[in-house]
Every structure is written in C-alpha cells, then in structure tokens.
Amino acid sequence: MSIVRTVLLAFGAVILLAGCQEDGTPRPVHLDKGVYRGAADTPLSAEQVRALQQRTAYQGVR
C-alpha cells in the first residue's frame, strides 16, 4: 500500500506544480472594472473583414 500512496502523492504534487507560473512574473491582483490592460488588438485587413461579414451573413440564413 505504501507504493500506491507514494505514487498518488507524487501525482498530486505534479498536478499542483503544473498550475504554477512558468515565468514567475506577478499578475495583477486588483482589476479596474471595464479597463482592459492587455496588448492592443491588431486591426483586421479589408479581406478579413469581408470574410467575417460573409460568414455572419450565412449564419442568419439558417
């Protein structure tokens, strides 16, 4: 039974450590409501906008 217990403890440790941050940089704890602090989105090209408009047009037909 001790081998099973050791394997389960090792497995649990691996699961817990998998949730740790790889880079170790601190994350913001206090967030302002309605404020996005991530990287700015890249604008879509005219072709990408047209393709999205075509896809949404097909969704309305169903």
Side-chain angles (χ1 to χ4, degrees):
M1 285 302 259
S2 66
I3 294 175
V4 173
R5 185 179 210 176
T6 304
V7 170
L8 288 176
L9 286 174
F11 182 72
V14 168
I15 295 295
L16 289 175
L17 292 175
C20 294
Q21 299 174 7
E22 291 182 19
D23 56 359
T25 56
R27 304 289 188 244
V29 176
H30 177 70
L31 301 176
D32 296 326
K33 186 175 181 179
V35 177
Y36 177 70
R37 294 189 179 170
D41 289 337
T42 56
L44 296 176
S45 68
E47 178 64 27
Q48 289 172 320
V49 171
R50 186 185 64 75
L52 288 171
Q53 288 172 339
Q54 286 180 343
R55 286 175 55 188
T56 57
Y58 290 127
Q59 291 177 0
V61 174
R62 291 182 183 186

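Side-chain atoms of Arg55 and Gln59 form no donor-acceptor pair, as typed in the model, at a separation below 3.5 Å.
Applying the side chain to side chain donor-acceptor pair (under 3.5 Å) rule to Gln53 yields no partners; only residues at least two apart in sequence or on another chain are considered.
When all heavy atoms of Arg37 and His30 are compared, the closest pair comes out as NH1-O, 4.3 Å.
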